[in-house]
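We're numbering straight along the sequence, starting at 1.
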Amino acid sequence: MNKRIKAFLMVNVLPPLIFVFLNLLRITLRIKQVNSETVADGWKKGENFIVCFWHGRLLMMPFANLRGKGKVLISRHRDGELIARVMAFFRLGSIRGSFRKGTVSSIREIMNNLREGYDVAITPDGPKGPRYCVKDGIIELARLTGKSIVPITYSASKKKLFSPGIGLSFHIHFQQC
């Protein structure tokens with residue numbers, strides 16, 4: 001396939017389709033929040049957080065944006081552009097960059113967004129891994145900003161569909177560090 005056509009599809013056609021798919025998937029789920037009280041209380045007091053989740057748990061994370069004032073650190077890579085455009089449909093902003101050396105501009109942007117009251121979401125294990133291993137960048141960011149890190153994840157329990165009172169249930173787990 002021609003690179004221009006592929007790029008057009010990735011940037012303009014796929015994001016709204018993914019958004020619709022995720023919302024259709026969401027309709028089939030029952031969402032239960034677990035341990036979200038501390039975060040909700042913090043939001044009521046005007047606090048904001050550094051939110052983190054594993055890179056392998058990206059799919060349903062837009063539905064954890066309960067306050068509606070969040071930004072996500074997303075790679076500058078072509079795949080990151082697709083993710084950033086999908087996040088825009090969920091009314092989530094994006095910060096393009098990473099925590100690798102030489103990306104001081106993204107760290108400044110993250111710190112500015114935290115100062116402005118946004119929650120900032122980061123995958124502490126990143127796309128290159130090692131998987132489920134927290135890198136130092138998020139800890140340093142919390143130290144520099146004084147913001148709490150809130151790890152979140154989701155789990156799903158598969159059940160029979162379309163039976164009375166039975167369906168997929170989806171749990172969002174919040175845990176403040």
For this session: Report yes if some heavy atom in the side chain of Arg85 is under 4.5 Å from a heavy atom in the side chain of Leu14; otherwise report no.
Result: no
Exercise. Can you name the residues that form a ring pair (Phe, Tyr, Trp, His ring centres under 6.0 Å) with Phe53, not counting sequence neighbours?
Worked result: none
Exercise. Does the side chain of Ile31 come within less than 4.5 Å of Tyr154's, by heavy atoms?
Worked result: no
Exercise. Roughly how far, to the nearest 0.5 Å, is CD of Glu81 from CD1 of Ile83?
Worked result: 10.5 Å
Exercise. Residues in ring pair (Phe, Tyr, Trp, His ring centres under 6.0 Å) with Phe21, at least two apart?
Worked result: none
Exercise. Would you say Asp136 has more than 12 foreign heavy atoms packed within less than 6.0 Å of its CG?
Worked result: no
Exercise. What are the two closest non-hydrogen atoms of Asp125 and Lys135, and how far apart are they?
Worked result: O-NZ, 3.5 Å
Exercise. So which pairs with a foot in residues 51-70 pass side chain to side chain donor-acceptor pair (under 3.5 Å), sequence neighbours left out?
Worked result: Arg67-Asp119
For this session: Go through the steps for Asn112 and Arg115 under the test side-chain hydrogen bond (donor to acceptor under 3.5 Å, both in side chains), then give the verdict.
Result: CA-CA 5 Å; Asn112 286 337; Arg115 255 191 301 276; 2.6 Å; yes
Exercise. Which pair of heavy atoms, one from Phe49 and one from Gly42, lies closest together, and at what distance?
Worked result: CZ-CA, 4.0 Å
Problem set entry | Closest contact, heavy atoms only, Val134 versus Ile138 | CG1-CG2, 3.7 Å
Exercise. Is the shortest heavy-atom distance from the side chain of Asp41 to the side chain of Glu47 under 4.5 Å?
Worked result: no
For this session: Answer yes or no: is there an ion pair linking Glu140 with Arg143, defined by an N-O contact shorter than 4.0 Å?
Result: yes
For this session: Starting at OG1 of Thr145, measure out to CG of Asn48 and round the result to the nearest 0.5 Å.
Result: 8.5 Å
Seminar exercise, completed: Value for CZ (Arg131) from OG1 (Thr123), rounded to nearest 0.5 Å, stands at 12.0 Å
Exercise. So how far is it from Leu82 CG to Ile18 CD1, rounded to the nearest 0.5 Å?
Worked result: 4.5 Å
Exercise. At their closest point, which heavy atom of Ile152 faces which heavy atom of Ala64, and how far apart are they?
Worked result: CD1-CB, 3.7 Å
Exercise. Is it the case that one hydrophobic cluster holds both Ile74 and Met61, taking links as side-chain heavy atoms less than 4.5 Å apart, direct or via other members?
Worked result: yes
For this session: Could you tell me whether Glu109 and Arg96 have a side-chain N and a carboxylate O separated by less than 4.0 Å?
Result: no
Exercise. Considering all heavy atoms of both residues, which atom of Ala84 and which atom of Ser94 are nearest to each other, and what is their separation?
Worked result: CB-OG, 3.9 Å
For this session: Report yes if the side chains of Val120 and Lys147 come closer than 4.5 Å at any heavy-atom pair, otherwise no.
Result: no
Exercise. Quick one: are Phe89 and Leu22 in side-chain contact, heavy atoms under 4.5 Å?
Worked result: no
Exercise. Closest approach of Ile149 and Cys52, non-hydrogen atoms and distance?
Worked result: CG2-SG, 3.6 Å
Problem set entry | Separation between CZ of Arg4 and CG of Leu9, rounded to the nearest 0.5 Å | 13.5 Å
Problem set entry | Stepwise side chain to side chain contact (heavy atoms under 4.5 Å, CB included) check, Lys71 with Ile110 | CA-CA 9 Å; Lys71 294 200 177 182; Ile110 291 168; over 6 Å; no
Exercise. Hey, quick one: are Ile50 and Tyr118 part of the same hydrophobic cluster, counting side-chain heavy atoms closer than 4.5 Å, chains of contacts allowed?
Worked result: no
Problem set entry | Residue pair Ile27 / Asn23, side-chain heavy-atom distance below 4.5 Å | no
